[in-house]
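Okay, so here's the structure we're looking at.
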Amino acid sequence: MRLVFMGTPDFAVATLKALIAAGHEVASVYSQPPRPAGRGMAERPSPVHAFAAEQGIAVRTPTSLKPEEEQARFAALKADAAVVVAYGLLLPKPVLDAPRLGCFNVHASLLPRWRGAAPIQRAIMSGDAETGVTIMRMEEGLDTGPMCKTGRVAITPTTTAQSLHDELASLGARLMVEVLAQTEISCTPQPEDGVTYAKKIDKSEARIDFTRSADDVRNRIHGLSPFPGAWFPVKGTRLKALLCDVTAGQGTPGTFLDDALTIACGSGAIRLLKLQREGKGAVEASGFLRGFPIPKGTEAA
């Protein structure tokens, strides 16, 4: 097929790679404009933009698709389909209607659960037992389009936002190639029951509340790992907790129960396995304690 690809972050690169490998013609790539990044704040292209440029594919970075001239440029590509993966711009109806077969989206949840901006994080933070990817034919509503294919992934006690991101990116790429290989793409409406919304992660959610159960604390830590990172203050320093497990123990919530980073929660306890000090790199617990010991009885405050 002749495709237009629309995506921005790392999550989308896997699908673009898979489409190229499958032999599709990518007429153009759309991505968010370069943003200032790094210490020098030099403008840096998005991961999708950078990969497309390496492949010699033309990249467009409009700030909006609402102007009629942008919509006309899009339509002039005469695509069979557009593939959209975490693009970050609203697609107006003229854009949605321009490709012969429509626009297809890789969404990182089992729709209609977790429509919206942060489905990977919300699934873990809410303690879901599984999530997955839905390939959807797009319409004007927020992730409301009919579903063409789904794939499921278990969420385990060691699943983090990063590990789930990588697994779903790979799964979404494979499913999109399978959908586009169909002679006739059939999609079914989403169920009316079970709709939830994955709102964008707010910084205020990142501070750990140890009065919650150990399972809830673990889910918060893993759902925000590695970014933005769930954190708590201790000994005048902000620590990010990146990986933990639930363990036996009881005490005043937020109190370290031993010298090995076990912290009491509202019920049960967690043991930190990977963490990060402000201005430092992420390290395993043993390495962290060599440079920053936290004795039994210390309070997270």
Side-chain angles (χ1 to χ4, degrees), residues 9-11 37-41 118 120-129 131 153-169 199-301:
D10 282 324
F11 184 83
R39 290 186 177 179
M41 296 302 287
I120 292 175
Q121 295 92 334
R122 295 295 176 193
I124 298 173
M125 291 167 69
S126 296
D128 291 3
T131 186
V153 168
I155 297 177
T156 74
T158 61
T159 299
T160 65
Q162 184 65 61
S163 67
L164 187 57
H165 167 283
D166 295 347
E167 190 171 6
L168 296 184
K199 66 178 182 178
K200 186 177 179 180
I201 301 296
D202 188 272
K203 288 183 179 180
S204 64
E205 298 180 80
R207 180 162 181 169
I208 299 171
D209 178 3
F210 287 106
T211 66
R212 301 181 69 87
S213 72
D215 284 340
D216 284 347
V217 172
R218 178 200 60 207
N219 294 341
R220 177 65 52 105
I221 289 171
H222 288 180
L224 298 178
S225 177
F227 183 83
W231 64 274
F232 62 96
V234 65
K235 296 169 61 176
T237 299
R238 179 182 291 201
L239 301 182
K240 282 187 180 181
L242 301 175
L243 189 67
C244 69
D245 60 15
V246 172
T247 188
Q250 60 182 2
T252 303
T255 302
F256 285 79
L257 300 178
D258 55 25
D259 298 337
L261 300 177
T262 301
I263 308 176
C265 299
S267 60
I270 61 158
R271 184 167 59 91
L272 297 176
L273 303 176
K274 189 175 184 179
L275 58 169
Q276 182 177 9
R277 288 169 61 188
E278 285 183 291
K280 304 288 185 179
V283 293
E284 305 296 326
S286 57
F288 177 86
L289 287 171
R290 282 195 293 271
F292 195 85
I294 301 178
K296 178 180 178 179
T298 302
E299 295 184 359

* To do: Sort out for me which residue in Ile270, Ile124, Leu275 forms a side chain to side chain contact (heavy atoms under 4.5 Å, CB included) with Ile221.
  => Ile270
* Structure fact -> Between the CD atom in Gln276 and the CG atom in Leu243, the distance rounded to the nearest 0.5 Å is 13.0 Å
* Who pairs with Ala118 by side-chain contact (heavy atoms from CB on, under 4.5 Å), at least two apart in sequence or on another chain? -> Gln121, Arg122, Ile201
* Asked: Among all residues two or more places apart in sequence or in another chain, which pass the side-chain contact (heavy atoms from CB on, under 4.5 Å) test with Ser267?
  -> Ser213
* To do: Using modelled atom types only, decide if a donor and an acceptor are shared between the side chain of His165 and the backbone of Thr160 within a distance under 3.5 Å.
  => no
* Asked: Applying salt bridge (Lys or Arg N to Asp or Glu O under 4.0 Å), which residue pairs with at least one partner in residues 277-295 are found, sequence neighbours left out?
  -> none
* Pairs in or reaching into residues 225-250: which pass side-chain hydrogen bond (donor to acceptor under 3.5 Å, both in side chains), with residues at least two apart or in two chains? -> Asp245-Arg271
* For the student: nearest non-hydrogen atoms of Cys265 and Val217, plus distance -> SG-CG2, 4.0 Å
* Which residues satisfy the side-chain contact (heavy atoms from CB on, under 4.5 Å) test with Asp209, sequence neighbours excluded? -> Thr211, Arg212
* Locate the shortest heavy-atom distance separating Pro228 from Ala206; write the atom from each residue and the value. => CG-CB, 4.4 Å
* Asked: With sequence neighbours left out, what residues match Phe232 under ring pair (Phe, Tyr, Trp, His ring centres under 6.0 Å)?
  -> Phe210
* Which pairs count as salt bridge (Lys or Arg N to Asp or Glu O under 4.0 Å) when at least one residue sits in residues 217-231, sequence neighbours excluded? -> Asp215-Arg218
* **Heavy-atom pair with the smallest gap, counting every atom of Ile208 and Ala241** => CD1-CB, 4.0 Å
* Non-hydrogen atoms of Gly127 and Asn219 that approach each other most closely -> CA-ND2, 3.5 Å
* To do: Any pair with a residue in residues 255-287 that passes ring-ring contact (aromatic ring centres under 6.0 Å, His included), sequence neighbours left out, goes on the list, sorted by first then second residue, please.
  => none
* To do: Can you sort out the partners of Ala260 under side-chain contact (heavy atoms from CB on, under 4.5 Å), two or more places apart, ordered by chain and number?
  => Asp258
* **Which residues share a ring pair (Phe, Tyr, Trp, His ring centres under 6.0 Å) with Phe292, sequence neighbours left out** => Phe288
Side chains of residues 293-301: which donor-acceptor pairs under 3.5 Å do they make with residues two or more places apart or in other chains?
from   : atom 1 : to     : atom 2 : distance (Å)
Thr298 : OG1    : Pro295 : O      : 2.7

* Please examine the side chains of Met125 and Leu224, heavy atoms only from C-beta on, and report whether any two atoms are closer than 4.5 Å. => yes
* To do: Please answer whether the main-chain N or O of Asp128 pairs with a side-chain N or O of Ser126 as donor and acceptor at a distance below 3.5 Å.
  => no
* Hey, what do you get for CD (Gln162) to CG (Leu242), rounding to the nearest 0.5 Å? -> 11.0 Å
* Nearest 0.5 Å please: distance from the CD1 atom of Ile155 over to the CG atom of Leu164. => 5.5 Å
* Structure fact -> Output for pair (Lys274 NZ, Leu261 CG), nearest 0.5 Å, gives 14.5 Å
* Structure fact -> Those residues at least two apart in sequence (or on a different chain) that pass side chain to side chain donor-acceptor pair (under 3.5 Å) with Ser286 are none
